[in-house]
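To start, the structure itself, in structure tokens.
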Amino acid sequence: MDNTRNFASESGSRSEPALKSGFVTIIGRPNVGKSTLMNRIIGQKIAITSNKPQTTRNRIQTVYTETDRGQIVFLDTPGIHKAKNKLGEYMVNTAEHTLQDVDVILWLVEPSDFVGAGERHIAEILQKARTPVILVINKIDTLAQKEDLLHFIDTYRKIYAFDEIIPASALRGENVSDVIDMIFKYLPYGPMFYDEDTVTDQPQRQIVAEIVREKALHALDEEVPHGIAVTIERMKPRRGKPLMDIEAVIICERESHKGIIIGKNGAMLKKIGSNARFEIEKLLEEKVNLRLWVKVRKNWRDSDTMLKNFGYKETD
């Protein structure tokens, strides 16, 4: 990524605002609320969320713009975890590689007085990054006693020299404005990378596929979601009607999982489809005819070819 800056705002007309812009990555263990925080800051849903770990699989880029302060380009990454297959390796590599390309790192953790091996691994990775690191202790709305927070802050302060530590609740929006303020504090001056109406670089088809996967995550048993992917086979406006026809395939690894996803008399698949269609219609702002199929691709998470076909491939 070319981080060369144009400092014309400092040397040019005094009437022009001194804008800041830069790239921020959101890292952390699975299920700490990274996508929830990004969606909250952006003000709309771009990344899917669920209470199951490893929900985010790709690097998702979104844009937050304030006309008087500047622009933050967020990179929401998969959770850093111990990989068990090639999909897991891809996810971890995606998360770790973004640390080299950004101006600020947001590290999300949950309130705790115990720092596990996963967090210590992240701290070791960050020692190599010469980038401001802001620790966000998320989910403070779950604390029974707020006075415990000082103890949790002290616990994390011992493992890394953070530039800032901010307690917050992404779900409820508590202290999220403080997170934005601190990001702008550490961003360099420079022009915006995108026009102010840009919200994400994600193609519409990709967002639609992720919405279908999210609804499957919400509906399915614990062992099934990690083994599914969603591909959009067709997405086209119907001629002469204000209607979008979408055909999607849910990929799973086992025949037994296929039966679970379809459900008795197709009930589970209908539930996933109905919930997904509702959200896709809000996204597209038009009526949607969504048709879903389920196919088995054994061990696709360990197949380089299928990972690439399903959109999980390394970026340059």
Below 4.5 Å, heavy atoms only, C-beta onward: do [X] and [Y] meet side chain to side chain?
{"X": "E247", "Y": "I232", "answer": "no"}
{"X": "I137", "Y": "I153", "answer": "yes"}
{"X": "I26", "Y": "L108", "answer": "yes"}

Straight-line distance of [X] [atom1] to [Y] [atom2], nearest 0.5 Å:
{"X": "E281", "Y": "L290", "atom1": "CD", "atom2": "CG", "value": "9.5 Å"}
{"X": "L220", "Y": "L217", "atom1": "CG", "atom2": "CG", "value": "7.5 Å"}
{"X": "M268", "Y": "I250", "atom1": "CE", "atom2": "CD1", "value": "10.5 Å"}
{"X": "E286", "Y": "M244", "atom1": "CD", "atom2": "CE", "value": "4.5 Å"}
{"X": "H121", "Y": "R29", "atom1": "NE2", "atom2": "CZ", "value": "9.0 Å"}
{"X": "K215", "Y": "R277", "atom1": "NZ", "atom2": "CZ", "value": "12.5 Å"}

Can you tell which of D181, L19, I183 makes a side chain to side chain contact (heavy atoms under 4.5 Å, CB included) with R69?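 In the set D181, L19, I183, the residue that makes a side chain to side chain contact (heavy atoms under 4.5 Å, CB included) with R69 is D181.
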
Tell me the closest heavy-atom pair linking [X] and [Y], and the distance in Å.
{"X": "A168", "Y": "V136", "answer": "CB-CG1, 4.0 Å"}
{"X": "N138", "Y": "G33", "answer": "ND2-CA, 3.8 Å"}
{"X": "V176", "Y": "A170", "answer": "CG2-CA, 4.3 Å"}
{"X": "I159", "Y": "R120", "answer": "CG2-NH1, 3.7 Å"}

Would you list the pairs meeting ring-ring contact (aromatic ring centres under 6.0 Å, His included) in which at least one residue belongs to residues 137-161, sequence neighbours left out?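 Non-adjacent pairs meeting ring-ring contact (aromatic ring centres under 6.0 Å, His included): Y160-F162.
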
Is it true that a side-chain atom of [X] and a backbone atom of [Y] form a donor plus acceptor pair closer than 3.5 Å?
{"X": "D195", "Y": "D197", "answer": "yes"}
{"X": "E119", "Y": "V109", "answer": "no"}
{"X": "S274", "Y": "K271", "answer": "no"}
{"X": "S112", "Y": "F114", "answer": "yes"}

Distance under 6.0 Å and angle within 45° of ring axis: K20 vs F184: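 No; the conditions do not both hold, so K20 does not lie above the ring face of F184.
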
Chi angles and distances behind the side chain to side chain donor-acceptor pair (under 3.5 Å) call for T65, E196: CA-CA 6 Å; T65 302; E196 61 184 73; over 6 Å; no

Using ring centroids (six-membered ring only for Trp), state whether F23 and F74 fall under 6.0 Å.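 No, the ring of F74 stays outside the 6.0 Å limit from the ring of F23, centre to centre.
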
Should D245 and K236 count as an ion pair when the cut-off is N to O under 4.0 Å?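 Salt bridge: no.
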
Side chains of T36 and N39: donor-acceptor distance under 3.5 Å anywhere?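 No, N39 and T36 have no side-chain donor paired with an acceptor closer than 3.5 Å.
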
Crowding at CG, D113 (>12 non-hydrogen neighbours, <6.0 Å):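 Buried by this count: over 12 neighbours within 6.0 Å.
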
Give a yes or no on whether R234 atom CZ has more than 12 heavy-atom contacts from other residues, nucleotides or ligands under 6.0 Å away.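 Yes, enclosed.
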
Check the pair E255 / K298 against salt bridge (Lys or Arg N to Asp or Glu O under 4.0 Å), numbers first and verdict last. CA-CA 9 Å; E255 286 291 342; K298 292 182 179 179; over 6 Å; no

